[in-house]
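The structure appears below as structure tokens.
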Amino acid sequence: MWQWLHSWGSPRWFYLRSGRLLFGLSLVTAGFLAVGVFSGLFLAPADYQQGESFRIIYIHVPAAVLSQNVYITVALAGAVWLIWRVKVADVAAKAAAPIGMLFCALTLLTGAVWGKPTWGTWWVWDARITSTFLLLFLYLGILALRQGLPESTSGRSCAVLALAGLVNIPVIKYSVEWWFTLHQGKTFSLTQAPSMPAEMYWPLLLTVIGFHLLFLLALLLAMRAEILEREQTRDWVSRLVGGYSP
Amino acid sequence: MTEWLAMGGHGLYVWTAYSAALAVSVWVIASPLYRRRKFLHHHRRQKSPCLNKHASE
């Protein structure tokens, strides 16, 4: 088991093995997203208070959950890099951060276009919105460090910043309970029955899973591109390039 | 169809959200593919100039 896990830490092994997963993963991702988005747009009934604009939750909630999970991934990968110096972990941390940043921006944007027709405002400095905004800045900080520092030290600095910023994650999660402000409470729970009818709930579950699969796919692709660039002087990359036919 | 697109008057909001999501999804998949392709093209060219000359003719 450890041997197997250890072999994934090698960039070459990771590159070659991950290539075999891409096709299947793309199909499953496309399936979840297609069914989820279709049922969210066509099958789910309009909300009795929000009307049709509630359909934005099929983007907003998955993007919000994902942007926090990607952040946790960046921090954990950073920790693995700091502690065990596993090269692939640093590649993962670097590849995941821009994806998380985009989904975090998508969360804020979709929240704004939902807030306008529903709350009557694009933006309020509510606890959850503010902490999500802070998450975006943590991502931007990590990306800036990655860009600005030399490659020998950027991994370490990014990992430290990502780990320090981890305190913001429970703040986002509990913000709707600690401060009773405008943003409504949690949409889902692993332990309680859904608070909405099944035909509204199932599309949401599908898009949440679909977004996570999409992240996994995007992460693998970005890591593969990063590994090639980092290992370009190695023999295995030369052989791979030699055998490449466009 | 037009009625569905209008989303009960909230069409602009709903479609802005869905198009932004589509743009993000396409970007996160296409940009690493493009980066890898560019890498392979560039290095293949460096490695085998004859092959490349052949291809451009």
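Chain letters run A, B, ... following the sequence lines, proteins first, then strands; residues in each count from 1. Fair warning: this is a prediction, and the values are worked out from it, not measured in the lab.
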A side-chain contact here means heavy atoms from C-beta on lying under 4.5 Å apart; do [X] and [Y] qualify?
X	Y	result
I56(A)	T16(B)	no
V241(A)	F39(B)	yes
V14(B)	F54(A)	no
R36(B)	L221(A)	no
Y18(B)	T110(A)	no

Using non-hydrogen atoms and a 4.5 Å limit, figure out which bit of [X] sits close to chain B: side chain, backbone, both or neither.
X	result
L228(A)	both
R224(A)	side chain
L41(A)	both

Query raised in the report: Should E226(A) and R35(B) count as an ion pair when the cut-off is N to O under 4.0 Å?
Result: yes

Top of [options] for chain B proximity - count of heavy-atom pairs under 4.5 angstrom:
options	value
L102(A), L33(A), V37(A), L219(A)	L102(A)
H60(A), M223(A), R55(A)	R55(A)
S53(A), G111(A), S26(A)	S53(A)

Report summary line: Cut-off 4.5 Å, heavy atoms of chain A, and the answer for I29(B) is both

**Report entry** Atom pair CD/NE2 of E229(A) and H43(B) - distance to nearest 0.5 Å
**Finding:**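 If we round to the nearest 0.5 Å, E229(A):CD and H43(B):NE2 are 7.5 Å apart.
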
Requested in this report: Would you name the heavy atoms of P32(B) and A218(A) that are closest together and state the gap between them?
Outcome: CG-O, 4.4 Å

Requested in this report: Locate the shortest heavy-atom distance separating S25(B) from L214(A); write the atom from each residue and the value.
Outcome: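 Answer, listing the atom of S25(B) first, then L214(A): OG-CD2, 3.6 Å.
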
